[in-house]
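Please read the structure below before turning to the comments.
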Amino acid sequence: MKKINLTSLALLVALSLCLSANAQTVANSTNYTAKKGKLSEPELQRWSHLDLAKDSIPGMSVDKAYAELLKGKKSVKVIVGIVDSGVDIDHEDLKSVIWTNKKEIAGNGIDDDKNGFIDDIHGWNFLGDDVHETLEMTRIIKKGDDGSATYKSALAAYEEKYNKALKDKQQVDFLIATDKAIQKHLNKENYTIEDLNGIVTTDADLTKSKMIMTRILTNAGPTFRAEIEDYGKYVYDQLNYNLNKELDGRKVVGDNPEDIKNTKYGNNTVYGPDKEEALHGTHVAGIIAQVRGNNLGGDGIADNVAIMAVRAVPDGDEYDKDIALAIRYAVDNGAKVINGSFGKSYSPHKQWVFDAIKYAEKKDVLFVHAAGNDGENIDLDENANFPNDSEDNKKEFASNVLTVGALTNKYGEGVIAEFSNYGTFNVDVYAPGDEIYATIPNNKYKYLQGTSMASPNAAGVAALIRSYYPKLSAKQVKQILMDSGTPLPANVVLGENPNPNQEPVTVSSTQSSKSAKMVNAYNALLMAEKMSKK
Ligand SMILES: [Ca+2]
Ligand SMILES: [Ca+2]
Ligand SMILES: [Ca+2]
Ligand SMILES: [Ca+2]
């Protein structure tokens, strides 16, 4: 499942419906002051590049690293594999950094480099024309009751999710109808807060609609309708595809997803059948590699990388087979860093993926993975987030997996995004993942949030280190990212506040993750310099 977080709007909707305005104030921590008020647009567009001490914004000090450490320094090109929903390789701010398989002749129908894939010029699309998919829990219950504990658990999880989706649908339908009622009353499509204020009425329904939309416009700003539409798409996709037991999305691929040896499938169109659906992967690629300082869109983290697009993540849960083969493809074709902004709670063939991770480890490839957006402790078995690098939540079977949680741009007790998963064993480190500006298909740009955005921010720093210090191993780079990070504030809020009428509960930040740190490019490069001299 692709991991764009949508809870902020869901929360907003809930807030609007109950019409209670309880601001969740979060106290500042000691060492640094949080940036007061809203960030300016230029600050927001590149907040993950800014510096806590200098800008009061908990970014990764990327700009400082370029200004003070990297000028005139030699680097090598590092290939970064983006295992995701596909990448728009023609995007104006990405096309110059897309990886090309030089050993392959395009369009001749021959596997010239004999890597097992015909005409794979910029990567591979393991999903063919498959876009919308079921979740693993849907697939498990579709197969029928086999008496296993997994079936029971999947069924309970499915029913909970399905009922919630029905409720969300009611909410989003209500919101769309409310918006329409205002549009109709004002007789204009695009209205403002001033328009809403000008509505004078004794009609009870209209008064309610006015109050709700005022709350929404105040919170979401002029992009409110796009946010409602995104939320609606998410809710409807769940009901129509993710939780739809009748759907067989795999049929168009033509392979058997239960057979890992059956590898001849997919195609070389790395953005998939519908470029717009490659939004997630294009955004992730942009966070890492959109061209710096070219006056187009935003800036990427790393400046000497090649993006290899490996499409394996549909709208719905990814198949273990595709993920295992996608990781192996990236490893075999030269990637030194792989970003995995996906995850799911059931993984029937998890061993295939574990074996691929171990293969990557053997070939010295770092796998950076999103911690997930459920606001849960993923150290607990019942909150498992796959893939992982541990079979028992006690011991890691590989040294090359970095699991990343998400930060907001407000330093203080609320700096960990409420949607971010956490865990002292299974989450390694945090990186910016809220309101991240990057490329989306067809030469556009967008703010997105999720641990999906935190993972490529960390992967970008990893690529930067591997590019300027190519002798360091994947294991060393993982260690550098964790050890050199800026410490989190002493106390933080983990997960969503279950009671918005009260101040959220804070805990020691040592409970957040293994390192209790935030990735910092500047410190990481300093440590890499030291380590490379040893
Ligand atoms: Ca080939
Ligand atoms: Ca060829
Ligand atoms: Ca740019
Ligand atoms: Ca781990």
Side-chain angles (χ1 to χ4, degrees), residues 42 45-46 48-49 62-63 66 91-97 100-124 267-268 282-283 285-303 305 307 333 340 343 350 353-354 357-358 360-361 366-372 377-379 384-405 421-430 436-440 443-446 451 455 458 460 474-475 478-479 481-482 512-515:
Q45 281 192 7
R46 55 182 309 102
S48 61
H49 297 240
V62 179
D63 290 348
Y66 275 100
H91 195 290
E92 59 177 14
D93 210 11
L94 283 176
K95 62 184 175 193
S96 67
V97 296
T100 296
N101 182 359
K102 295 197 183 82
K103 291 175 267 175
E104 183 71 40
I105 299 161
N108 65 353
I110 296 165
D111 179 17
D112 302 285
D113 64 347
K114 298 190 174 61
N115 67 350
F117 301 87
I118 295 166
D119 294 345
D120 56 321
I121 302 299
H122 302 296
W124 194 251
N267 62 45
N268 65 353
T282 302
H283 198 265
I287 291 171
I288 297 169
Q290 52 193 344
V291 178
R292 290 183 68 83
N294 65 346
N295 292 320
L296 291 173
D299 283 352
I301 306 293
D303 68 342
V305 286
I307 292 294
N333 293 283
K350 61 182 180 187
V353 182
F354 292 171
I357 288 171
K358 283 188 248 186
E361 181 191 38
L366 185 70
F367 179 62
V368 184
H369 185 234
N377 181 353
I378 54 169
D379 287 351
N385 181 47
F386 292 101
N388 197 342
D389 56 358
S390 174
E391 306 249 28
D392 57 5
N393 289 339
K394 287 189 188 88
K395 192 177 173 296
E396 289 178 343
F397 60 73
S399 61
N400 61 329
V401 180
L402 184 77
T403 308
V404 187
N421 285 342
Y422 52 91
T424 53
F425 182 75
N426 279 324
V427 178
D428 292 313
V429 73
Y430 288 83
I436 304 296
Y437 188 73
T439 46
I440 59 166
N443 296 331
K444 288 179 287 188
Y445 305 85
K446 194 176 184 176
T451 53
S455 180
K475 186 183 171 179
K478 173 184 172 176
Q479 193 198 333
L481 258 63
M482 289 173 68
S512 69
S513 53
K514 206 170 247 177
S515 71

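Keep in mind it's a predicted model, so treat the numbers as computed, not measured. For the single chain, residues carry numbers from 1 onward in sequence order. Order of listing sets the numbers, starting from 1, for every ligand and every atom in it.
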Do any of the N/O/S atoms of [X], backbone or side chain, fall under 3.0 Å from the Ca ion (ligand 3)?
| X | result |
| --- | --- |
| Val291 | yes |
| Gly298 | yes |
| Leu296 | yes |
| Asn294 | yes |

Just checking, is any N or O donor in the side chain of [X] or [Y] under 3.5 Å from an acceptor N or O on the other one?
| X | Y | result |
| --- | --- | --- |
| Thr424 | Asp379 | yes |
| Gln290 | Tyr437 | no |
| Asn101 | Asp113 | yes |

Would you call the rings of Phe397 and Phe354 parallel, tilted or perpendicular, taking 30° and 60° as the class edges?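 Because their plane-to-plane angle lies in the 30° to 60° range, the rings of Phe397 and Phe354 count as tilted.
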Using the side chain to side chain donor-acceptor pair (under 3.5 Å) rule, take Asn385 and Asn421 through it: C-alpha gap first, then chi angles, then the decisive distance, then the call. CA-CA 9 Å; Asn385 181 47; Asn421 285 342; 5.0 Å; no
[X]: its N/O/S atom lying closest to the Ca ion (ligand 2) (atom name):
| X | answer |
| --- | --- |
| Glu104 | OE2 |
| Asp112 | OD2 |
| Asp119 | OD1 |

Calculate the angle formed at the Ca ion (ligand 2) by O in Ile110 and O in Ile105; 10° precision is enough.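 Seen from the Ca ion (ligand 2), O and O are separated by roughly 180°.
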Hey, is Glu92 close enough to Lys444 for a salt bridge, meaning N to O under 4.0 Å? no
Is Arg292 salt-bridged to Asp63, going by a charged N under 4.0 Å from an acidic O?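 Result for this pair is yes, salt bridge flagged.
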Which N, O or S atom of Asp93 lies nearest to the Ca ion (ligand 3), by name: OD2
So, Asp428 and the Ca ion (ligand 4): N/O/S under 3.0 Å, yes or no? no
Which atom name would you report as the N, O or S atom of Glu396 nearest the Ca ion (ligand 4)?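 Distance check against the Ca ion (ligand 4) picks out OE2 in Glu396.
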Taking C-beta and beyond as the side chain, do Pro387 and Phe367 meet within less than 4.5 Å on heavy atoms?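 SC-SC contact between Pro387 and Phe367 confirmed.
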